[in-house]
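Remarks on the structure that follows.
All figures in this text were calculated on a predicted structure; none of them were measured in a lab. FYI, side chains are in, hydrogens and waters are out, and symmetry mates aren't considered; it's all heavy atoms of this structure.
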Number of protein chains: 2
Amino acid sequence: MHSEIKYWFLRDHKLFRVLSNDQLKQLCVITGFKEGKKGDIIYFSDSKEPRIYFLKKGAIKISEVDVNGNEITKEIIQKGDLFGELSLDTTIANNEFAQVLTNSVTICSFLLKDFEALMEQHPDLALSYTKLVGLKFKKLKNSYSNLVFKDARSRLIQFLKDWAARDGNETLDAIVIENYLTQQDIAHIICTTRQTATQLLNQLETEGHLKYDRKELVLDKQFVLQN
Amino acid sequence: MHSEIKYWFLRDHKLFRVLSNDQLKQLCVITGFKEGKKGDIIYFSDSKEPRIYFLKKGAIKISEVDVNGNEITKEIIQKGDLFGELSLDTTIANNEFAQVLTNSVTICSFLLKDFEALMEQHPDLALSYTKLVGLKFKKLKNSYSNLVFKDARSRLIQFLKDWAARDGNETLDAIVIENYLTQQDIAHIICTTRQTATQLLNQLETEGHLKYDRKELVLDKQFVLQN
DNA sequence: CATATAATGTCGGGTAAATGACAAAACCCC
DNA sequence: GGGGTTTTGTCATTTACCCGACATTATATG
């Protein structure tokens with residue numbers, strides 16, 4: 001494959017717009033490509049050679065499992081987003097892993113040190129990247145607050161709204177989302193049990209706010225817009 | 001005051017080591033100095049002129065209060081640490097504020113945009129800064145996991161260990177911490193109520209693991225080291 | 001030193017959500 | 001299309017923790 005074809009898509013990411021074609025090519029020389037299918041686990045915590053990953057296609061979750069097997073999902077990564085050792089810190093492993101949610105994904109990755117080197121040469125890139133990490137930081141802060149201040153129902157509603165904003169297709173009076181999450185997945189995201197998530201989803205369905213099935217999720221537009 | 005005297009202490013921070021004396025001076029021209037006493041509120045996240053703050057002396061907490069008046073403390077900032085609009089993002093509001101915990105503090109601050117400008121000129125600085133934010137990100141991830149996976153007692157113990165590591169003075173068989181936190185403060189940090197925090201502290205005291213009073217906290221060394 | 005204010009101690013009742021257990025439905029694939 | 005597997009639905013029980021209420025003790029302040 002010509003590297004021209006390989007790396008064109010990085011242009012889609014705001015982060016890389018500041019780079020010249022040559023610099024993109026430079027990064028792509030050190031790029032690894034990878035396809036994945038639903039359920040695949042992409043490890044990065046334990047890796048000797050820390051990497052930054054770019055998700056070209058699909059969706060994955062960043063999760064952690066504790067000693068008792070309980071899982072929480074800290075973040076959903078969508079097409080065009082970055083994940084991996086984003087904190088540029090290679091020290092402590094923290095039990096995180098990435099798992100594919102959609103039927104298939106395409107991932108591109110580069111070595112952390114190469115990326116760092118590129119940032120050294122390119123302050124614009126460094127600054128954009130700093131903002132990207134900062135934004136993720138802020139989002140997590142928000143999840144943390146929600147977890148403490150709000151009950152499971154509110155957290156579910158908040159998540160559904162976020163999901164709709166990210167992934168939804170607007171119709172006349174509804175927002176339709178192609179559903180790649182099980183109720184168990186949703187439970188992990190909003191930090192509750194599968195049973196509670198199921199009950200709450202059915203409750204919202206009974207109230208006429210949404211229609212959930214394994215293929216798609218249809219949200220009432222009123223419901224999404226109102227606070 | 002000569003700016004030479006004013007800014008020397010920034011040298012203590014790893015972040016600023018990459019800057020030349022001239023650049024430090026440049027930052028210091030735009031620097032505001034401030035003293036504060038216990039209870040003072042230093043900063044609101046909705047400020048018109050977003051700033052980065054450097055804590056020269058003392059300790060402060062970064063908290064958020066929700067509509068019902070419930071408070072959580074997301075972070076304790078110690079001498080030598082940064083706080084403020086660290087995510088470099090001013091779009092999303094998050095109701096954070098910083099409040100002084102110790103009897104007095106000394107703070108230095110600069111405007112976000114000036115700091116950004118400096119990073120543009122200095123990729124090294126941007127890189128170090130990203131690592132700093134990345135570390136905070138990682139710590140928050142850890143708090144998030146703890147909140148979901150562990151009960152209040154475990155979270156309290158974890159916090160006490162962290163506190164001891166940051167602030168403790170080792171004696172023969174104990175670790176002594178000068179106490180600037182009320183039980184209410186501690187409750188906010190571990191995300192529980194004041195009553196629960198009180199009960200748990202007394203429980204740990206009964207078990208012989210610690211001695212808490214308003215002046216100091218003495219932790220049994222065994223207790224801190226184990227697990 | 002007296003009094004107000006803040007911080008700590010204690011308890012019982014209430015509740016959101018976890019837990020465990022099982023059934024039904026949907027989906028996969030041989 | 002049939003058998004296994006995954007996902008969803010439902011319920012009864014339990015529990016950690018919140019909430020309110022009040023007493024007690026420590027600290028600040030005039």
Side-chain angles (χ1 to χ4, degrees), chain A residues 37-40 61 66 68-73 99-104 146-159 178-207 210-217, chain B residues 37-40 61 66 68-73 99-104 146-159 178-207 210-217:
Chain A
K37 62 176 199 304
K38 184 178 269 192
D40 284 359
K61 64 177 179 182
D66 79 348
N68 306 315
N70 303 308
E71 177 176 340
I72 52 170
T73 297
Q99 190 169 21
V100 178
L101 292 169
T102 44
N103 287 323
S104 74
N146 277 339
L147 189 53
V148 180
F149 292 143
K150 306 210 173 138
D151 63 9
R153 187 179 208 263
S154 308
R155 294 202 305 275
L156 175 59
I157 292 172
Q158 186 59 56
F159 164 70
E178 192 203 350
N179 182 19
Y180 49 84
L181 295 174
T182 65
Q183 299 188 352
Q184 178 65 266
D185 289 331
I186 293 173
H188 289 152
I189 294 167
I190 64 173
C191 298
T192 185
T193 56
R194 201 264 313 159
Q195 292 93 320
T196 301
T198 299
Q199 277 179 341
L200 291 172
L201 277 169
N202 290 335
Q203 191 181 310
L204 291 174
E205 186 147 0
T206 307
E207 293 168 12
L210 57 81
K211 235 179 84 48
Y212 176 99
D213 70 46
R214 272 143 112 156
K215 293 274 187 284
E216 66 175 19
L217 173 63
Chain B
K37 62 176 200 303
K38 185 179 269 193
D40 284 358
K61 64 176 178 182
D66 78 349
N68 306 315
N70 303 308
E71 178 176 340
I72 53 171
T73 297
Q99 190 168 23
V100 177
L101 292 169
T102 45
N103 287 324
S104 73
N146 278 340
L147 188 54
V148 180
F149 292 143
K150 306 209 173 140
D151 62 10
R153 187 180 211 262
S154 308
R155 294 202 303 276
L156 175 59
I157 292 173
Q158 186 58 55
F159 164 70
E178 190 202 353
N179 183 18
Y180 49 83
L181 296 174
T182 65
Q183 299 187 353
Q184 179 64 265
D185 289 332
I186 294 173
H188 289 152
I189 294 166
I190 64 173
C191 299
T192 186
T193 55
R194 201 263 314 159
Q195 292 93 319
T196 302
T198 300
Q199 276 179 341
L200 291 172
L201 278 168
N202 291 335
Q203 191 181 309
L204 290 173
E205 185 148 2
T206 309
E207 292 168 13
L210 57 82
K211 235 178 82 51
Y212 177 99
D213 71 45
R214 271 142 113 155
K215 293 274 188 284
E216 66 174 20
L217 173 63

Quiz item: Excluding sequence neighbours, so at least two apart, what forms side-chain contact (heavy atoms from CB on, under 4.5 Å) with B:K211?
Solution: B:E205, B:V218
Quiz prompt | Exercise: identify the closest heavy-atom pair between A:D213 and A:N179 | solution = O-ND2, 2.9 Å
Quiz prompt | Nearest-angstrom distance from the residue atom CG of B:L181 to C1' of C:dT8 | solution = 15 Å
Exercise. Describe the nucleic acid contact of B:N202 in one word from base, sugar-phosphate, nothing, applying a heavy-atom distance below 4.0 Å.
Key: sugar-phosphate
Name each donor-acceptor pair under 3.5 Å that joins a side chain in residues 183-192 of chain B to protein atoms two or more places apart or in another chain, with its distance.
| unit_1 | atom_1 | unit_2 | atom_2 | d |
| --- | --- | --- | --- | --- |
| B:Q183 | OE1 | B:T198 | OG1 | 2.7 |
| B:Q184 | OE1 | B:H188 | NE2 | 3.0 |
| B:D185 | OD2 | B:T182 | N | 3.0 |
| B:D185 | OD2 | B:T182 | OG1 | 3.3 |

Quiz item: Considering residues at least two apart in sequence or located in another chain, which fulfil the side chain to side chain donor-acceptor pair (under 3.5 Å) criterion with B:E178?
Solution: none
Self-check item: Set of side chain to side chain donor-acceptor pair (under 3.5 Å) partners for B:K150, sequence neighbours left out
Solution: B:N146
Sort me out a list of protein N/O and nucleotides 26-30 of chain D N/O pairs below 3.5 Å, or just none if empty.
none

Exercise. Answer yes or no: does a side-chain N or O of B:Q199 lie under 4.0 Å from OP1 or OP2 of C:dT8?
Key: no
Quiz item: Can you list the residues that meet the side-chain contact (heavy atoms from CB on, under 4.5 Å) rule with B:T193, with sequence neighbours excluded?
Solution: B:Q195, B:T196
Self-check item: Residues which pass ring-ring contact (aromatic ring centres under 6.0 Å, His included) with B:Y180, listed by chain and number, not counting sequence neighbours
Solution: B:W163
Self-check item: Set of residues satisfying salt bridge (charged side-chain N to carboxylate O under 4.0 Å, His left out) with respect to B:D151, sequence neighbours excluded
Solution: none
Practice problem: Take atom CG of B:L201 and atom P of C:dT8, then tell me their distance rounded to the nearest Å. | Solution: 9 Å
Quiz prompt | Whole-Å gap separating C1' (D:dT7) and OH (A:Y180) | solution = 18 Å
Exercise. Go through the steps for B:L204 and B:I157 under the test side-chain contact (heavy atoms from CB on, under 4.5 Å), then give the verdict.
Key: CA-CA 9 Å; B:L204 290 173; B:I157 292 173; 4.1 Å; yes
Quiz prompt | Results of side chain to side chain donor-acceptor pair (under 3.5 Å) for A:N103 - residues two or more places apart only | solution = none
Self-check item: Axis deviation across the helix from C:dC1-D:dG30 to C:dC30-D:dG1, five-pair ends, to the nearest 10°
Solution: 50°
Quiz prompt | Listed partners of A:Q158 passing side chain to side chain donor-acceptor pair (under 3.5 Å), at least two apart | solution = A:D162
Quiz item: For the pair made of NE2 in B:H188 and C1' in C:dT8, what is the distance, rounded to whole Å?
Solution: 15 Å
Quiz item: Is the phosphate of C:dG9, meaning OP1 or OP2, less than 4.0 Å from a side-chain N or O of B:Q183?
Solution: yes
Exercise. Summarise how protein sits on nucleotides 15-22 of chain D as a single string, 5' to 3': B when a protein heavy atom is under 4.0 Å from the base, S for sugar-phosphate-only contact, - for no contact.
Key: --SS-BB-
